[in-house]
Amino acid sequence: MLLEALYHVPRDKWAYAYDSSTIHLRIRTKRDDVEHVYAMTGDKYNWDGTYHEIEMEKAAHDLMFDYWEVAVKPKFKRLSYAFKLTAGRETVFLLDTGIQHEAPTPPGDHYEFPYIHEVDLFKVPEWAKKAIFYQIMPERFANGDPSNDPENTEVWGGVPKIDNFFGGDLKGVLDHLDDLVALGINAIYFTPLFVSPSNHKYDTVDYKQVDPHFGDNALLKQVVEACHDKGIRVVLDAVFNHCGEQFAPFQDVIKNGESSKYADWFHIHSFPVQVKDGVPTYDTFGFYGNMPKFNTANPEVKEYLLGVAEYWIREIKLDGWRLDVANEVDHHFWREFRQVVKKANPEAYIIGEVWSDSLNWLLGDQFDSVMNYPFADQVMEFFNGGMDGYDFSNEMGSLIMRYPQQTNEVVFNMLCSHDTPRLLTRVGNDKRKLKLCVVFLFTYYGTPCIFYGDEIGLNGGGDPDCRKCMEWDPKKQDRELYDFYRMMIDLRKRHPALRRGRFRFLQAAKNDPCIVYERIDEQMHFTIWMNNTGKQRILSHPMETEDWFDALTGDGVKPKNGTMEIGLDPYGFRILCRKLK
């Protein structure tokens, strides 16, 4: 065994309380180097009476490492533990004090999980595990009230530009809620709604007023109530990293300079505030002078923004916040933010916009979830032919092991957004590739999100092209694609195993773009077969039982001589399942 590859620490994603009675343990070993791993567990005050040796399961792998996992239910909520690893005739033990070849004397040198405290549990909203999100940019979704259109509003369906308007509003959303229900949507994520001069509204001017081009506060409340009546949760976008240059406190700084009482609300390097050679004399989002960055360590700023967060939770019974540029705001602020929001609504869902490994924000004291752009990038790379099944399984295994299970169950997965090209464009306008991506989205860990219009075939490049007007003429919609989305949404909603079941690759080989993977819980076992090639393929995998059926058609499917063979069209898929109870 390569002992240098062994890794475990008694914290973070490696040892954590999943619920009030369960502790999850993980350990890392060199890829294909260890045959068996056992967790040696017990209570340090009664080791002999509580000792259990539990075999761990290889839960995932990446290019260099295997990751083993086990769930332990200690009788008294305390746990001392060590690991025993075997390969051939070699046995080693991994302890808190290091690695040794001789059996340890428990529990002195063992790792400890001292106690499962209810107050320390990282609890994520249960509803988010069942959510099917739909992202809406209100300005581009539907124009329900032409009377509130901005000046120079263009004809609906025109070419999107950085600074043009088409008149979309909250009345338009209200008018189409039944369409979302018909699709199967049970959660909406709105991009910013508050007063702003732009079409995207990420340069907020008034955090407690709905932009008049969208409606007013009363209409937003009406929309949220209508959503709740239809079983739809609502999450709003919060821009707390920066504001718009027309924000009153920043205008005061422009007017009064150093003497402004708001001077410390921002990160200002010199006065007067201005942009010199393309670089502002104050910190901003990127180098955009019209988006000055808040000093969230300032007590007054903190009080103001946390008051905004609490206000909308209470005023409209908001179900959560998506946090823009979340990684550029200090952790102290987000810890207080979580306390304020969860006090106002314990089931609020908090999603941070972080584009990379986000573990620092996902330890139970800040966010519930993040925008999982790494997921989207790897899915796009694989289904566009950029890697084989072996590499894809490595990349997905690495993503799974980034976070604790409760985060994996609600991580915010999308295939595109307002910040990326459209899904159909990302797959080269190949609808069959798009369907494989969507199948993977709805049969994988996490909370899936659809960007408005993807389900009817909207395409588009990067911003602003991805922000097209929604197409409401059925004759111009891809209704076959719509039916496909609806079918996959319904499948996921009907089967908890596709939301909470274990995920594992069964087949993912080098130089082969075809994969087979499974989702399994106590009730159902799913296997998903994907032909990610441009030609006919027959995929096979050992299966002992004969009680399989097609999850989409209900037709029975039986293996021959213990092997299941599935013939697939180019870029085709098959979803099989069987009942366990």
Side-chain angles (χ1 to χ4, degrees), residues 125 127-145 156-157 166-193 210 214-215 219-237 316-322 349 351 410 412-418 422-424 434 438 441-442 446-458 466-494 498-499:
W127 67 264
K129 299 177 183 179
K130 302 176 182 179
I132 308 294
F133 266 90
Y134 194 83
Q135 181 188 355
I136 293 176
M137 291 196 73
E139 216 284 319
R140 303 294 162 82
F141 187 63
N143 188 346
D145 183 4
W156 191 260
F166 294 100
D169 51 34
L170 286 172
K171 180 61 167 56
V173 175
L174 192 63
D175 292 343
H176 288 283
L177 287 184
D178 286 340
D179 293 312
L180 299 186
V181 172
L183 180 60
I185 299 303
N186 56 18
I188 294 174
Y189 150 42
F190 285 107
T191 54
L193 295 171
V210 170
F214 290 162
L219 180 56
L220 175 58
K221 189 169 186 176
Q222 182 183 351
V223 169
V224 174
E225 289 174 350
C227 285
H228 288 169
D229 288 344
K230 296 177 184 296
I232 298 175
R233 305 272 185 161
V234 178
V235 168
L236 299 187
D237 211 322
I316 62 172
K317 295 183 171 57
L318 185 64
D319 298 296
W321 286 105
R322 181 266 190 186
Y349 181 41
I351 312 157
V410 297
F412 201 77
N413 291 335
M414 64 284 167
L415 298 171
C416 66
S417 75
H418 63 292
R422 286 271 176 179
L423 174 56
L424 188 56
L434 179 149
V438 172
L441 173 69
F442 283 104
T447 302
C449 179
I450 301 166
F451 191 31
Y452 76 93
D454 280 351
E455 77 282 5
I456 50 93
L458 280 191
C466 59
R467 304 176 180 186
K468 291 181 177 179
C469 295
M470 178 65 175
E471 179 57 69
W472 290 109
D473 183 353
K475 295 179 181 178
K476 296 180 181 180
Q477 295 179 341
D478 187 332
R479 299 304 295 180
E480 189 273 336
L481 182 60
Y482 171 88
D483 289 339
F484 176 79
Y485 267 89
R486 188 168 61 175
M487 176 183 69
M488 290 307 305
I489 291 170
D490 178 67
L491 183 70
R492 183 180 179 92
K493 290 170 74 172
R494 286 191 289 111
L498 295 177
R499 305 190 298 268

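Because the structure is predicted, anything quoted here is derived from the model rather than measured. Throughout, numbering of the chain's residues begins at 1 and tracks the sequence.
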Distance-only check: which donor-acceptor pairs under 3.5 Å involve side-chain atoms of residues 219-230, not counting sequence neighbours?
unit_1, atom_1, unit_2, atom_2, d
His228, NE2, Asp319, OD2, 2.7
Lys230, NZ, Asp178, OD1, 2.7

Practice prompt. Name all residues meeting the side chain to side chain donor-acceptor pair (under 3.5 Å) criterion together with Glu455; count only those two or more places apart in sequence or in a different chain, and write none if there are none.
Written response: Tyr134
Worksheet item: Is any side-chain heavy atom of Leu424 less than 4.5 Å from a side-chain heavy atom of Leu458?
Response: no
Practice prompt. Show your reasoning for whether side chain to side chain contact (heavy atoms under 4.5 Å, CB included) applies to Tyr482 and Gln477.
Written response: CA-CA 8 Å; Tyr482 171 88; Gln477 295 179 341; 5.8 Å; no
Practice prompt. Check side chain to side chain donor-acceptor pair (under 3.5 Å) between His176 and all other residues, then give those that pass, not counting sequence neighbours.
Written response: Asp179
Fill in: Approximate separation, where rounding is to 0.5 Å, of Leu415 CG and Phe451 CZ
12.5 Å
Item to complete: Flag the pair Asp237 / Tyr189 as yes when at least one side-chain heavy-atom distance between them is below 4.5 Å, and no otherwise.
Response: yes
Response to the item:
So OG of Ser417 and CZ of Arg322: to nearest 0.5 Å the spacing works out to 7.5 Å
Item to complete: Please report the shortest heavy-atom distance between Pro138 and Leu193, naming the atom on each side.
Response: CG-CD2, 3.3 Å
Worksheet item: Where is the tightest heavy-atom contact between Ala131 and Pro448, given as atom of each residue plus distance?
Response: O-CD, 3.5 Å
Worksheet item: Just by distance, do the side chain of Thr447 and the backbone of Ala128 share a donor-acceptor pair under 3.5 Å?
Response: yes
Worksheet item: Around Lys317, counting heavy atoms of other residues, nucleotides and ligands shown, do more than 12 lie under 6.0 Å from its NZ?
Response: no
Worksheet entry | Approximate separation, where rounding is to 0.5 Å, of Ile456 CD1 and Leu183 CG | 10.5 Å
Worksheet item: Does any non-hydrogen side-chain atom of Leu236 lie less than 4.5 Å from one of Trp321?
Response: yes
Worksheet item: Going by the salt bridge (charged side-chain N to carboxylate O under 4.0 Å, His left out) test, which pairs reach into residues 468-478, not counting sequence neighbours?
Response: Lys431-Asp478
Worksheet, complete the sentence: Taken in chain and number order and not counting sequence neighbours, the residues that satisfy salt bridge (Lys or Arg N to Asp or Glu O under 4.0 Å) with Arg422 are Asp454
Worksheet item: Can you name the residues that form a side chain to side chain contact (heavy atoms under 4.5 Å, CB included) with Lys493, not counting sequence neighbours?
Response: Ile132, Asn186, Ile489
Worksheet item: Is the backbone N or O of Leu498 less than 3.5 Å from a side-chain atom of Arg492, with the two atoms forming a donor-acceptor pair by type?
Response: yes
Worksheet entry | Minimal non-hydrogen separation, Cys469 against Gly157, with atom names | SG-N, 3.4 Å
Practice prompt. Give, for atom CD1 of Ile188 and atom OH of Tyr452, the distance between the pair rounded to the nearest 0.5 Å.
Written response: 14.0 Å
Item to complete: May I ask you to test the Pro125-Val410 pair for a side-chain heavy-atom distance under 4.5 Å?
Response: no
Worksheet item: Considering residues at least two apart in sequence or located in another chain, which fulfil the ring pair (Phe, Tyr, Trp, His ring centres under 6.0 Å) criterion with Trp156?
Response: none
Worksheet item: Can you name the closest pair of heavy atoms from Met137 and Thr191 and give their distance?
Response: CA-OG1, 3.2 Å
Worksheet item: Is the side chain of Trp472 donor-acceptor paired with the backbone N or O of Phe141 at a distance under 3.5 Å, no angle test?
Response: yes
Item to complete: For Asp483, enumerate each residue passing the side chain to side chain contact (heavy atoms under 4.5 Å, CB included) test, keeping only those at least two apart in sequence or located in another chain.
Response: Arg486
Worksheet item: Hey, is the main chain of His418 close enough, under 3.5 Å, to the side chain of Arg467 for a donor-acceptor pair?
Response: yes
Worksheet item: With distance as the sole test, does Glu139 use its side chain to make a donor-acceptor pair with the main-chain N or O of Phe166 at under 3.5 Å?
Response: yes
Practice prompt. For residues Ile450 and Leu423, determine if any side-chain heavy atom of one lies less than 4.5 Å from a side-chain heavy atom of the other.
Written response: no
Practice prompt. State which residues pass ring pair (Phe, Tyr, Trp, His ring centres under 6.0 Å) with Phe133; sequence neighbours excluded, sorted by chain then number.
Written response: Tyr349, Phe412
